[in-house]
Each structure stands twice: as structure tokens, then as C-alpha cells.
Trainee: 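Next up is a structure, given as C-alpha cells.
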Protein chains: 2
Amino acid sequence: MTTQRLNIDLSTVTPAQIGEAGLIPCGVRMRFAAGEEIYAQEEEADLIYQVVSGAVRTTRLTSDGRRHIGDFYYPGDLFGMEAGPEHRYSAEALGECEVVFVKRAALKHYGADGDRLERIIWVATAQQLARTQDHLMLLGRKSACEKVASFLLDIANRFGGDLTTLPMGRQDMADYLGLTIETVSRMLTQLQAEGLVEFRACRQFRILRRGALARLAAG
Amino acid sequence: MTTQRLNIDLSTVTPAQIGEAGLIPCGVRMRFAAGEEIYAQEEEADLIYQVVSGAVRTTRLTSDGRRHIGDFYYPGDLFGMEAGPEHRYSAEALGECEVVFVKRAALKHYGADGDRLERIIWVATAQQLARTQDHLMLLGRKSACEKVASFLLDIANRFGGDLTTLPMGRQDMADYLGLTIETVSRMLTQLQAEGLVEFRACRQFRILRRGALARLAAG
DNA sequence: CGTTTCATTGAGTGCGATCAAGCCGTGTGG
DNA sequence: CCACACGGCTTGATCGCACTCAATGAAACG
């Protein structure tokens, strides 16, 4: 894990949208190796992170070891926002990954630029809520097939382009969708057999019939 | 549905915590009858609501009619906060219910009191996110029995006291927990048979062995 | 090339859904 | 006051989807 502080005059930073610049010009950069922990559950939550490159997952474990993935974060996404003083999930790098972070408590000393960041963080919190609500519907009322279809569509939309590379393995997909790894695998095979998607390798796919896939995903 | 505007000098309002005063001294009051819609999905979302008395549920439907409940709101709770311009759920009164609302866009004209409300709304949004994340874990990784146990504990903690009255019926519980009404009923019967809870009527219960129930709910 | 890790496939099981009665409290009209 | 209907809840029987257990296949790595 390597750290690098950026010396940028905050007063010259232009207003930026989340995902375009966001925290990047203001924060501290760090690199993480595959699987490395960025922060732990129940750790103090005073830092806000943004993905620069790679991808991040947030996870939680039950007392008896069942794992659940809260969300995946890709370049531009903010994560680590909490209502209380502690992180409710742990965050881990999915593969080699670079993030930038700012100390939230320090933003008030940054004047107008601090206000801009505070605002960006609140908007990101509200967007996270919206995503989490969609996720609720997926877990509560969709079949295994619909879950997997939704997931593929979501990630393909997120990255755009024809061919999409999955940054996570089957176990992560399963823990995100509330399924087992075997069921995820079976549904992928089935969707491919039906000609809705095509897998070039187990982490590379292309959507062949977007309309049909979206109809399935809608539930 | 009756509306009543309160004439209170905003400059005299003392700082208040969410749930103690919150929006109540500043907003417009409304009453709703059982089942009445407070706002609709995809309706413009410029109002923030707080429950004064009674209870509220937020619901969503899939294209083929499956229903999903996002959350229940009780006196003191804020609801209706959205990331985008539209409501993502509809909100309905659970039984006779009174709410108060403020127009979010107007808060900036209220000076210090508007700032206080803005802050309260953001905190409520972050708290809603935390609740929704707990709900995710429940839907994704818990058995029917654990779901129902979690639900009873959550609502009993929310209201305190020995005897708890459920403001919602079995169908609402089922749609919140991602189960069917029959499964909810069976699990309630089972929990009662095991001596963990006792139902006096179908909407009134008491927790008999809180530790055991909590252990079940934890998963 | 052997080892390890991850993904797929198959067989069998079980949990929760579905379908179908029955039960019970509540309200209504005779 | 009882007869009846209605809606919400419970219970029973059966079904099917997703889980479990197990084996095989396919990459990645030393």
C-alpha cells in the first residue's frame, strides 16, 4: 500500500461533478493490491473515498459467517459515507486499485472548496441510497434469473461499450445477489444458452439481445 | 384529507433533534385516512415529510405486479428524501395518520432555521441509508424465521414498552420481508410455539425471551 | 508439469411458494 | 339477538426453485 500526498492549490480547483473530478484534486492517493482491505467494519469513519482506478467492494459478515456485499464501486464513485461514527461495512480492493480520500472533519477549514466537497458528499450519499433501494427490490422480489440479468445489465450500462469485463469473481456476484455461486453459474449458462448474452471468457461478456435481457431484469 | 397551516415565527424555533421537533414547528400539517396515498411513485419530489402520528409505508410495484415495501415510518421519522427529482416509491398511510411537510426548495429563504432543517434532512437521508443497508442484509442472507424475528425485534425496540401493537397487517410484513403472507404467519406461529414471543391478538405481541430472539435475528 | 484456485455441471434435498380449505373477528341486516 | 357475509389470518398439502453436496473442468501460477 503506497501513499502520495498531492500539493494542489485548492483555491484554483474548478467546480467539478462527482465522477469527473470530485475528491481527486484535493485528497490523498493510495494504492491497494487485490483483496487488500481499505477500511474495516466498525472502524472509525472520518474519511471519504473515491475510486480512481480499479474497483472496490463493501462487505459484511453475519455472526455465523454468511457474507453479504453492499455494493461495488468503480472509477469516479465515492464510498465510505456513514450516518454514524463507524463504518458499517468493510471495504476491499477488487484487484489492483487506486483510491483518493479526504478527511471529512477537515473540510470546513477549506472554505468554498470544502463546501463544494461537502455538497458532493451529500449528493453521493443520496445516490447511494437510491442504488441501495434498487438493490432491495432485487433481493426481495426477483428470481435468480432476474437477479443475474439485472446485474449484467447494470454493470454493462455502468461501463458502456460493447464488451464488458467483470472486475469480480462468481463468489462476489453471488454475495451481492443473495445467491450461491452455483446458482449464479447456472443462470449465466442459461442466459447464454438463450442467446441473451455471450461470454468470451468467464469475466468477459457481451449483451446480444438487450431488450429481452431488460425485460427479464425488470421482473 | 385535511390541511392546516401553522403560523409560527421561525426565528423563535429552538434547535431540535430529528424526532423531537424536526419539521413539526415549521411545516404544513395533513391528515390521511387508512390506505390513503401521500405521494405517488414518479411524482415530483420537492416535499419532505415527517410523521406526527400513525404510521406510513413506502411501496413499489414491479411491472408484473409484485409488491415491495421499502420501509415503515413512525412518529418523528422523516421520509420522502430523494436523490433525483422524482419519488422512487409511493407513500401510503397505514391506518389513520398525521404528517407535516416542508418544501425543500424553499428552505434557503428561511435563514438559520432553513439551514437547520437542511442539515436535519441530510442526516435523515444518511440514517435512511443505514436502515436500508440493514434491510439488504436481511433480504439477502436471512432465512424466513430470522427475517420475522428481526422484524419483531426492530419494531419492539422502535416503540419500547412491553406490549407492542403492530400498525401493519401480514401482507405488509410479507412485502417488507420478501416473503409470502403464509410464510410470515407460519413463522409467527412457530416463534410463539417456541416461547420466544406471545401474541395476544394478531396485531399485539410481547417478547418473552429477548436474548434468544436476538440470537435468531442476528443470523 | 504439478498445484491451486475458480468455474461449471450433476444429483438430490429442503425451504419457502403456491393452491386450497378452514377459522375468526367484525360489521350488517333481518 | 342471531344469521350471514366479508376480510384478514391460519393451517394443511403439494410443488418447484434454489441450496447443498460432490465431482469434473479450466485457467492461473510457481
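So that the names make sense, note that chain A is the first sequence line, chain B the second, and so on, each numbered from 1. All heavy atoms count here, side chains included; hydrogens, waters and symmetry mates do not.
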Trainee: Establish, yes or no, whether the cationic atom of B:Arg60 lies under 6.0 Å from the six-membered ring centre of B:Tyr89 and within 45° of the ring axis.
Mentor: yes
Trainee: Could you tell me how far apart B:Gln192 (CD) and D:dC9 (P) are, to the nearest whole angstrom?
Mentor: 15 Å
Trainee: Return the value, rounded to whole Å, for the distance between atom CZ of B:Arg170 and atom P of C:dC23.
Mentor: 19 Å
Trainee: Checking side chain to side chain contact (heavy atoms under 4.5 Å, CB included) against A:Gln133, which of B:Asp71, B:Thr132, B:Thr58 comes through?
Mentor: B:Thr132
Trainee: Under 3.5 Å, is there a donor-acceptor pair between the B:His87 and B:Glu43 side chains?
Mentor: no
Trainee: If the threshold is 4.0 Å, N to carboxylate O, is there a salt bridge linking B:Asp46 and B:Arg104?
Mentor: no
Trainee: On DNA chain C, does the nearest nucleotide to A:Gln171 precede the nearest nucleotide to A:Arg141 from the 5' side, or the other way round? Give the residue.
Mentor: A:Gln171
Trainee: Find the bend of the helix from C:dC1-D:dG30 to C:dG30-D:dC1 as the angle between its two terminal axes (five pairs each), to the nearest 10°.
Mentor: 30°
Trainee: Using whole Å, report how far CD1 of B:Ile181 lies from P of D:dG7.
Mentor: 14 Å
Trainee: What's the CG-C1' distance between A:Leu177 and D:dC19, to the nearest Å?
Mentor: 15 Å
Trainee: Is the B:Tyr176 to B:His68 ring centre distance short of 6.0 Å?
Mentor: no
Trainee: Can you name the one residue among A:Leu153, A:Asp77, A:Thr164 that meets side chain to side chain contact (heavy atoms under 4.5 Å, CB included) with A:Arg158?
Mentor: A:Asp77
Trainee: Between C1' on C:dG16 and NZ on B:Lys147, what's the gap in Å once rounded to a whole number?
Mentor: 9 Å
Trainee: Any luck finding a side-chain donor-acceptor pair between A:Tyr73 and A:Gln128 under 3.5 Å?
Mentor: yes
Trainee: For D:dT11, take OP1 and OP2 only and decide whether either is under 4.0 Å from a side-chain N or O of B:Thr189.
Mentor: yes
Trainee: What nitrogen or oxygen pairs link the protein and nucleotides 14-18 of chain D at under 3.5 Å?
Mentor:
from, atom 1, to, atom 2, distance (Å)
D:dA18, OP1, A:Ala144, N, 2.8

Trainee: Parallel, tilted or perpendicular for A:Tyr39 and A:Tyr49, by the 30°/60° rule?
Mentor: tilted
Trainee: Do side-chain atoms of B:Arg31 reach the backbone of B:Glu98 as a donor and acceptor pair under 3.5 angstrom?
Mentor: no
Trainee: Is any side-chain heavy atom of B:Val51 closer than 4.5 Å to a side-chain heavy atom of B:Phe79?
Mentor: yes
Trainee: Treating primed atoms plus P, OP1 and OP2 as sugar-phosphate and everything else as base, which nucleotides of nucleotides 21-27 of chain D get B, S or - for protein heavy atoms under 4.0 Å?
Mentor: B------
Trainee: Partners of B:Arg186 by side-chain contact (heavy atoms from CB on, under 4.5 Å), sequence neighbours excluded?
Mentor: B:Glu182
Trainee: Return the value, rounded to whole Å, for the distance between atom CG of B:Asp172 and atom P of D:dG8.
Mentor: 10 Å
Trainee: Salt bridge between B:Glu146 and A:Arg66, side-chain N to carboxylate O under 4.0 Å?
Mentor: yes
Trainee: Using a 4.0 Å cut-off on heavy atoms, which residues in residues 57-69 of chain A reach DNA chain D? List them by number, or say none.
Mentor: none
Trainee: Do A:Arg170 and A:Asp175 sit within salt-bridge range, that is, some charged N less than 4.0 Å from a carboxylate O?
Mentor: no
Trainee: Could you tell me which residues satisfy side-chain hydrogen bond (donor to acceptor under 3.5 Å, both in side chains) with B:Ser90, sequence neighbours excluded, listed by chain and number?
Mentor: B:Thr59, B:Glu92
Trainee: Between C:dG16 atom C1' and B:Gln190 atom CD, what is the distance in whole Å?
Mentor: 12 Å
Trainee: Between P on C:dC6 and CG on A:Leu188, what's the gap in Å once rounded to a whole number?
Mentor: 17 Å
